[in-house]
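Heads up: the structure comes next, in structure tokens.
We name chains A, B, ... by the order of the sequence lines, and we start the count at 1 in each one.
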There are 2 protein chains.
Amino acid sequence: MSIKAEIMNTLKHEILTLSLKPGTILSETALSERFQISRTPLRDVLKQLALESYTDIYPKKGNMVSYIDLESVEQITYLRSTLEKEILKDLSSQLLLTGLHELKEILERQKEVIGKENDIDSFLNLDDAFHRAMYRLAGREFLWNLIQQSNVHYLRYRRLHMLKTEKLEGIWKEHQTLLELLVHKETEKIGPLIHHHLREDIHSLDFQENFSEYLSKGV
Amino acid sequence: MSIKAEIMNTLKHEILTLSLKPGTILSETALSERFQISRTPLRDVLKQLALESYTDIYPKKGNMVSYIDLESVEQITYLRSTLEKEILKDLSSQLLLTGLHELKEILERQKEVIGKENDIDSFLNLDDAFHRAMYRLAGREFLWNLIQQSNVHYLRYRRLHMLKTEKLEGIWKEHQTLLELLVHKETEKIGPLIHHHLREDIHSLDFQENFSEYLSKGV
DNA sequence: CTCACTAATCTTGTATACAAGATTTTCTTG
DNA sequence: CAAGAAAATCTTGTATACAAGATTAGTGAG
């Protein structure tokens, strides 16, 4: 399984970082030459990529890297906002000291990479690490993993959104505020903050105009 | 694609109705004879079933119908409970008359099949129809479909749970109450009701003892 | 009888030849 | 030159032969 998993991770990474742009054709024969493997295991990989919406399969025509679907982004942020509001409420009444320390440590590392150029990957990874840690500390890592399976569109949207407007500092500060609210158990302020943190700017027309080449035309 | 989709629906139905019991071996060659098709397209189907946790693939050993994982059931009910609480809050401020009529109609049909023997399938389908309609009316059908992709364990748990204890009447009444709270916009009472509706009895040891043969032993 | 080893027979995993639809190119015809 | 038809060449879809690991049956030695 290792070789197929490796190919899949490679392709996922290239799609998520937009190194493979939406609309790019992924030919089975081309990929089989690139990875020096036959078409059969490659088809397994492409099938799974399609199931997770990384690609679309057009029968007898080809496999194409999917365009970013803003409807999916909106739905996922609604889901996460609702869920994380509840998770933080749970955490505020049961968060252990070790957990708090872990979250603080992630925030420290995240602050360090804000200044550096070309390190947006590290920042985004630490952003995920922060949210994931919240899920795990609340006993909800299962749900984090579930969401990841439908996260292609959101992850690409987030990357483009951050490239455009340099708001890394603001995001970091919101994480910081979130932790403070958690410590002081001011649960009533957490909901609105999470909502702003995840769903702000979702309907920005500015974004749609700037990156229309990457976007799904559907609706 | 039609033929493969048909095979997949058949197998999914047999697994969900427990006609294919957890632990049953699904051999590629046996299935290829049954459906009169070669192994290649059948592998596609089995791959997708495994991805949705209907089966587990043990490399070089075989495909096996998955055991019911109660951890998954607990996580999914937490997700649904949280999400539907929010969705009903949204609905209470924007529900149209046509939508209300639709929900009432589903409830009427559901009441009709309560008495009849051997019609638990119809009852469960209408149960899904009711909840799904809520998602759709709130513009969240996308999330309903997302949850369905990870719903095998919950759906089988629900079926067994209802076979054991005849609580169809109670479930129907909760739906009825939900509608009334919605109409009268008593949003503060909806949360606890949804929680009870979806998550009651989740940790019942009675269930685990009665159906241990169907359950995953993990943890 | 029991245990260990071997061989046969399962299983899925991979490579490849061929089928069939979609596209593009080329050539013929006006 | 233009337009349309035909053919070559793409694409994925399917069937099948073979590879390789896992299990099981059987056989022989003690």
Side-chain angles (χ1 to χ4, degrees), chain A residues 1-12 14-15 19-67 69 152 213-214 216-218, chain B residues 1-12 14-15 19-67 69 152 213-214 216-218:
Chain A
M1 193 59 174
S2 181
I3 178 71
K4 280 202 279 187
E6 204 170 314
I7 293 175
M8 188 153 80
N9 288 336
T10 301
L11 290 176
K12 278 188 176 178
E14 291 177 0
I15 290 173
S19 160
L20 281 173
K21 292 180 184 169
T24 304
I25 300 295
L26 295 181
S27 153
E28 293 179 0
T29 52
L31 289 176
S32 73
E33 284 181 18
R34 171 179 171 188
F35 292 107
Q36 287 295 303
I37 200 171
S38 85
R39 275 180 59 216
T40 307
L42 251 168
R43 278 176 62 79
D44 288 351
V45 173
L46 286 171
K47 188 106 195 309
Q48 182 161 349
L49 288 178
L51 231 64
E52 295 185 29
S53 295
Y54 282 78
T55 58
D56 296 307
I57 299 178
Y58 298 93
K60 304 282 174 97
K61 283 200 273 188
N63 298 58
M64 194 178 76
V65 176
S66 67
Y67 287 96
D69 175 27
V152 213
E213 59 182 322
Y214 292 149
S216 161
K217 275 76 186 176
Chain B
M1 192 59 175
S2 181
I3 178 71
K4 280 202 280 188
E6 205 171 312
I7 294 175
M8 189 152 82
N9 287 337
T10 302
L11 290 176
K12 277 188 176 179
E14 291 178 0
I15 291 173
S19 160
L20 281 174
K21 292 179 184 170
T24 304
I25 300 296
L26 296 181
S27 152
E28 293 179 0
T29 53
L31 289 175
S32 73
E33 285 180 18
R34 171 180 170 189
F35 293 109
Q36 288 294 304
I37 201 172
S38 85
R39 276 180 59 217
T40 308
L42 250 168
R43 280 176 61 78
D44 289 351
V45 173
L46 286 171
K47 187 105 193 308
Q48 182 161 350
L49 288 178
L51 230 64
E52 296 185 30
S53 295
Y54 282 79
T55 59
D56 295 307
I57 299 178
Y58 298 93
K60 303 282 174 97
K61 283 200 273 189
N63 298 60
M64 194 178 75
V65 177
S66 67
Y67 287 97
D69 175 27
V152 214
E213 58 182 321
Y214 292 150
S216 161
K217 275 77 185 175

In whole Å, I'd like the distance from the [atom1] atom of [X] to the [atom2] atom of [N].
X       : N      : atom1 : atom2 : value
A:Met64 : D:dT11 : CE    : C1'   : 14 Å
A:Lys60 : D:dT14 : NZ    : P     : 7 Å
B:Asp44 : C:dT12 : CG    : P     : 14 Å
B:Arg39 : C:dC10 : CZ    : C1'   : 12 Å
A:Leu42 : C:dG13 : CG    : P     : 15 Å
A:Arg43 : D:dT11 : CZ    : P     : 14 Å
B:Asp56 : C:dT12 : CG    : P     : 14 Å
B:Ile3  : D:dT14 : CD1   : P     : 9 Å

Where along residues 23-34 of chain B does a heavy atom come under 4.0 Å from DNA chain C, residue by residue in number order? B:Leu26, B:Ser27, B:Glu28, B:Thr29

Under 3.5 Å, side chain of B:Ser66 to main-chain N/O of B:Asp56, donor-acceptor pair present? no

OP1, OP2 of C:dA15 versus side-chain N and O of A:Ser38: anything below 4.0 Å?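 True: A:Ser38 side-chain N/O within range (under 4.0 Å) of C:dA15 OP1/OP2.
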
Whether A:Asn63 contacts D:dT12 is assessed here as follows: a side-chain N or O lying under 4.0 Å from the phosphate OP1 or OP2. Is that the case? yes

Carefully, step by step, assess B:Leu26 and B:Leu20 under the rule side chain to side chain contact (heavy atoms under 4.5 Å, CB included). CA-CA 9 Å; B:Leu26 296 181; B:Leu20 281 174; 4.1 Å; yes

With side chain to side chain contact (heavy atoms under 4.5 Å, CB included) as the criterion, how do A:Arg43 and A:Leu46 come out once you've worked through the C-alpha distance, each side chain's angles and the decisive distance to 0.1 Å? CA-CA 5 Å; A:Arg43 278 176 62 79; A:Leu46 286 171; 5.5 Å; no

So which nucleotide from [options] ends up closest to the side chain of [X]?
X       : options                : value
B:Pro41 : D:dA22, D:dA15, C:dA15 : D:dA15
B:Lys61 : C:dA20, D:dA22, C:dG13 : D:dA22
A:Ile37 : D:dC18, C:dA15, D:dT12 : C:dA15

Intermediate values then yes/no, side chain to side chain contact (heavy atoms under 4.5 Å, CB included), A:Lys12 and A:Glu52: CA-CA 10 Å; A:Lys12 278 188 176 178; A:Glu52 295 185 29; 3.1 Å; yes

A:Glu28 side chain reached by A:Leu42 side chain, heavy atoms, under 4.5 Å: no

So do the side chains of A:Met64 and A:Ile25 get within less than 4.5 Å of each other, counting heavy atoms only?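 A:Met64 vs A:Ile25: side chains touch.
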
Pick one: which of A:Ile15, A:Val152, A:Leu49 meets side-chain contact (heavy atoms from CB on, under 4.5 Å) with A:Val65?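 Output: one option passes, namely A:Ile15.
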
